[in-house]
Protein chains: 2
Amino acid sequence: MAAIRNEEELIRQVLNIFSGHLERGGLRRTPERFAILEEIYRRNDHFDAEALYIHMKNRNYRVSRATVYNTLELLVSCDLVKKHQFGKNLAQYEKSFGYKQHDHAICGNCGKVVEFCDPRVQQIKDMVGELLNFQITHHSLNLYGICGNCRKEIEMGIVRNQAKVAVDEPGWGD
Amino acid sequence: MAAIRNEEELIRQVLNIFSGHLERGGLRRTPERFAILEEIYRRNDHFDAEALYIHMKNRNYRVSRATVYNTLELLVSCDLVKKHQFGKNLAQYEKSFGYKQHDHAICGNCGKVVEFCDPRVQQIKDMVGELLNFQITHHSLNLYGICGNCRKEIEMGIVRNQAKVAVDEPGWGD
DNA sequence: CTTGGTGCAAACAATTTGCAAGCGC
DNA sequence: GCGCTTGCAAATTGTTTGCACCAAG
């Protein structure tokens with residue numbers, strides 16, 4: 001299914017979009033910014049700023065946390081990345097270009113995040129926006145609960161409460 | 001509409017519920033815990049831990065932040081208080097007993113939080129839970145945008161970005 | 001009187017900021 | 001070269017923890 005091809009294609013595309021966004025805003029096209037965007041689009045999970053920072057370090061990039069945060073904010077502002085709060089004081093991010101809008105179900109036991117899509121969300125946004133005279137720009141819908149696997153584990157007496165999911169792999173990128 | 005009467009009645013009720021919850025859990029009924037619960041139920045807004053702490057101080061209570069946080073967690077665990085994250089790294093709370101489930105629209109300009117209710121949310125929870133084999137326990141749906149007032153102000157060139165809303169009034173109690 | 005709860009302050013974790021040096025334009 | 005960006009570390013912010021004392025059961 002040519003997934004790799006599509007990935008490279010996608011990356012070229014988002015780098016371009018970002019480049020244009022920077023130019024339009026009179027912002028500088030630094031290698032750090034592009035490197036961060038590229039690494040984000042090579043991942044397929046939800047991640048936090050620290051994980052991305054570690055990831056960049058593992059790949060032998062020379063970046064600081066400040067730049068990671070700075071760039072993430074830029075990317076959010078041009079809609080290439082989405083920022084979430086899944087109930088904790090820790091911002092989670094995910095790439096968003098080329099994906100259809102979706103929401104999240106979060107397992108309170110293992111921390112797994114599953115995406116879903118329901119057209120009724122849009123209907124609610126439209127209707128509530130009109131009703132409250134709010135100009136809705138975006139939303140966040142999170143369903144919290146226990147996933148099927150964890151329910152089984154819990155029934156068998158195993159409890160892992162909040163195990164970390166999606167840790168970064170050690171550096172092989174030399 | 002006898003709002004005051006109802007408020008006193010409601011407060012008696014929640015104090016009772018909390019008392020039972022503490023007893024059932026083998027926890028102590030301290031004056032601080034009841035005082036915090038009572039103050040929460042005399043407020044009608046969304047507030048953060050610090051605001052509640054200041055509020056208690058203004059009312060001449062002798063409480064520490066630690067006790068405020070501790071008690072808030074207790075109250076959340078027995079469903080007398082709900083905890084929210086409105087997109088920032090700052091937990092917001094609101095009383096929840098006697099209110100029907102609702103969600104929130106947040107103005108990104110003035111910070112105003114408006115509540116709304118839509119039955120489709122429950123439908124989504126049910127359907128997605130079944131679909132993903134998740135046992136959904138709770139959810140959070142936040143719509144972000146600009147409220148009518150702010151839109152007008154912005155059109156007139158006034159921008160207040162993130163003005164603080166619902167600050168605590170100075171102490172008049174005593 | 002036993003032990004959990006408290007106030008206080010120090011510790012922590014996530015994020016932001018200040019500043020000197022570096023590099024895109 | 002000008003000044004936005006960077007790396008680094010220190011500062012801030014929200015929340016948690018450690019500890020000596022207090023008071024509920």
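Every chain is numbered from 1 and lettered A, B, ... according to where its sequence line falls, protein lines coming before strand lines. Just so it is clear, the structure is predicted and the values come from calculations on it, not from any experiment.
Following rounding to the nearest Å, B:Tyr61 (OH) and C:dG5 (C1') show an atom-to-atom distance of 18 Å. Distance CZ (B:Phe34) to P (C:dT6): 11 Å, rounded to an integer number of Å. The CG atom of A:Leu75 sits 13 Å away from the P atom of D:dT5 (whole-angstrom rounding). Distance CG (B:Leu27) to C1' (C:dT6): 14 Å, rounded to an integer number of Å. Protein atom CD of A:Glu50 is 14 Å distant from nucleotide atom C1' of C:dT16, rounded to whole Å. One atom, CG of B:Asp48, and another, P of D:dT16, lie 13 Å apart when rounded to the nearest Å. Rounded to whole Å, the distance from CG on B:Leu72 to P on C:dG5 is 16 Å. As a whole-Å value, the separation of A:Phe18 CZ from C:dG24 P is 15 Å.
Listed nucleotides C:dG5, D:dG7, C:dC8 differ in distance to B:Ala66; the shortest reach to its side chain belongs to C:dC8. In the set C:dG5, C:dG7, D:dG14, C:dG5 carries the atom at the smallest distance from any side-chain atom of B:Thr30. For A:Tyr69, whose side chain is taken as the heavy atoms from C-beta onward, the closest listed nucleotide among C:dT16, D:dA24, D:dG14 is C:dT16. Closest to the A:Pro31 side chain, of the nucleotides C:dT6, C:dG24, D:dT6, is C:dG24.
Distances shorter than 4.0 Å separate some side-chain N or O of A:Asn70 from OP1 or OP2 on D:dT6. Here B:Arg29 reaches the OP1 or OP2 of D:dG25: one of its side-chain N or O atoms lies under 4.0 Å away. Note on A:Asn89: a side-chain N or O is less than 4.0 Å away from OP1 or OP2 of D:dT15. For C:dT6, one of the phosphate oxygens OP1 or OP2 lies less than 4.0 angstrom from a side-chain nitrogen or oxygen of B:Arg33.
Taking the centre of each ring, B:Phe86 and B:His104 come in below the 6.0 Å mark.
For the pairing with A:Glu7, the salt bridge (Lys or Arg N to Asp or Glu O under 4.0 Å) check across A:Arg43, A:Arg42, A:Arg12, A:Lys95 returns one residue only, A:Arg42.
A residue-by-residue look at B:Gln85 and A:Gly26 shows that A:Gly26 has its nearest nucleotide of DNA chain D further toward the 5' end. Comparing A:Val63 and B:Gln92 against DNA chain D, the residue whose closest nucleotide sits nearer the 5' end is A:Val63.
The base of D:dC4 is paired with the side chain of A:Arg28 by a donor and an acceptor separated by under 3.5 Å.
For the atom pair CG of A:Asp118 and CG of A:Asp103, the computed distance is 8.5 Å after rounding to the nearest 0.5 Å.
For A:Asp126 and A:Gln122, the side-chain atoms include at least one donor-acceptor pair closer than 3.5 Å.
Under 4.0 Å is where a charged nitrogen must lie from a carboxylate oxygen, and between A:Lys83 and A:Glu94 no such pair does.
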